Structures are given as structure tokens and as C-alpha cells.
Amino acid sequence: MAMEPLNANILLVEDNLSNQRVARMMLEAMRCKVNIVSHGNDAIETLQRETDAPYDLILMDIGLPDINGMEITQMIREKSPEMAKIPVVAMTAHVTDQDIKNCFDAGMDDVLTKPIMQDELFNMIKRFLTRPQ
């Protein structure tokens, strides 16, 4: 599927190696720069370290081995005004109404359900790139 290049800078927080590979392939096909971390603490450290090249979007797995994605999102929102501006999109297979509500309550901006479809991912990123800050 040919897509227009998005040229976004994406932080992918995902511990599953297969999911990392699939997401990287999809994102690179959209001409996105992808940085992958496997743990929540690594996500916080990466965001603090890379302040001069801020991310356009964070794709956040919910079920991480150290801290769950909702807790990490809350930490990101509390750390600094710069980090708080970055849209965070949950990636989860848990899609009950309560699960989705919990994601929004934690400060996430939207939810993508796994398995992730490339057209849904493309539309989600494009929407966040074109929204006013």
C-alpha cells in the first residue's frame, strides 16, 4: 500500500520483539524515524535525554514488564511541559470500554487495538501531526 511520507519522529514503547519488528516496518514504510524501547523506565530516560529532537508521537504498549503503559503516560504528563505535549497512543489487545476509559484517564490521547493495521496507524499518526498544538 503506497502512502504519503509522514516523516514523523516516533517513540515506540513495546517489549514484544515481533510487535517491534512489525511496527518498525510499518512506520519506516511511512518514512517515519523510529526509536524503540522495551521498558517504561527506558521511555522516560529517552524522552529526558532527547529534548532537542522531540518526538511527534509516542506509541505505548500497555502491558510492559516493569511499569504499565498507563503509569508511564502519567509520569510523562507530570515530568515536564514539553513531554506533556507529546501525544501518546495506547497499543493494546485489551479493548473493553473500561480498558479504553483507563487509557484516557491516564492521559493517553487515543487507542489503537492490536493487531495494528497499517492504514489505522497511518491515519492516527497523520491526525496527530496535523492537529493544532
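These figures come from a predicted structure and were not determined experimentally. Heavy-atom basis, side chains included; hydrogens, waters and symmetry copies ignored.
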Among the clusters formed by ILVMFWY side chains lying less than 4.5 Å apart, do [X] and [Y] turn up in the same one?
X: I125; Y: V89; answer: yes
X: L59; Y: V111; answer: no
X: M124; Y: F122; answer: yes

For N102 and Q98, test the side chains for any donor-to-acceptor distance below 3.5 angstrom and give the result as yes or no.
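The answer is yes; a qualifying pair exists.
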Between the side chains of E120 and N123, is a donor N or O closer than 3.5 angstrom to an acceptor N or O?
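Looking only at side-chain atoms, N123 and E120 do not form any donor-acceptor pair under 3.5 Å.
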For [X] versus [Y], what's the shortest heavy-atom pair and its separation?
X: Q118; Y: A29; answer: NE2-CB, 3.6 Å
X: G40; Y: L64; answer: N-CD1, 4.2 Å
X: R31; Y: P5; answer: CG-CB, 3.5 Å

For the [atom1] atom of [X] and the [atom2] atom of [Y], what is their distance to the nearest 0.5 Å?
X: I44; Y: E78; atom1: CD1; atom2: CD; answer: 9.5 Å
X: L11; Y: I86; atom1: CG; atom2: CD1; answer: 8.0 Å
X: I36; Y: D42; atom1: CD1; atom2: CG; answer: 12.5 Å

Do [X] and [Y] come within less than 4.5 Å of each other through their side chains, counting heavy atoms only?
X: Y55; Y: I10; result: no
X: L12; Y: V37; result: no
X: M91; Y: I116; result: yes
X: L112; Y: L121; result: yes
X: M30; Y: E4; result: no
X: C103; Y: I62; result: yes
X: I76; Y: M60; result: yes
X: L47; Y: I58; result: yes

Listed partners of D99 passing salt bridge (Lys or Arg N to Asp or Glu O under 4.0 Å), at least two apart
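With neighbours one apart ignored, the set is empty.
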Please determine if D105 and K101 form a salt bridge, counting it only when a charged side-chain N lies under 4.0 Å from a carboxylate O.
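Yes.
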Residues K126, D56: salt bridge by 4.0 Å N-O rule
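Not counted as a salt bridge, because no side-chain N and carboxylate O are separated by less than 4.0 Å.
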With D109, the salt bridge (charged side-chain N to carboxylate O under 4.0 Å, His left out) member among K85, R127, R77
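Going through the options one by one, the only one that passes is R77.
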Output a table of donor-acceptor pairs, distance under 3.5 Å, between side-chain atoms of residues 17-27 and any protein atom two or more places apart or on a different chain; print 'none' if there are none.
unit_1	atom_1	unit_2	atom_2	d
Q20	NE2	E14	O	2.6
Q20	NE2	S38	OG	3.1
R24	NH1	E28	OE2	3.4

Which one of T92, D61, N16 satisfies the side-chain hydrogen bond (donor to acceptor under 3.5 Å, both in side chains) criterion with K114?
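Single side-chain hydrogen bond (donor to acceptor under 3.5 Å, both in side chains) partner of K114 among T92, D61, N16: D61.
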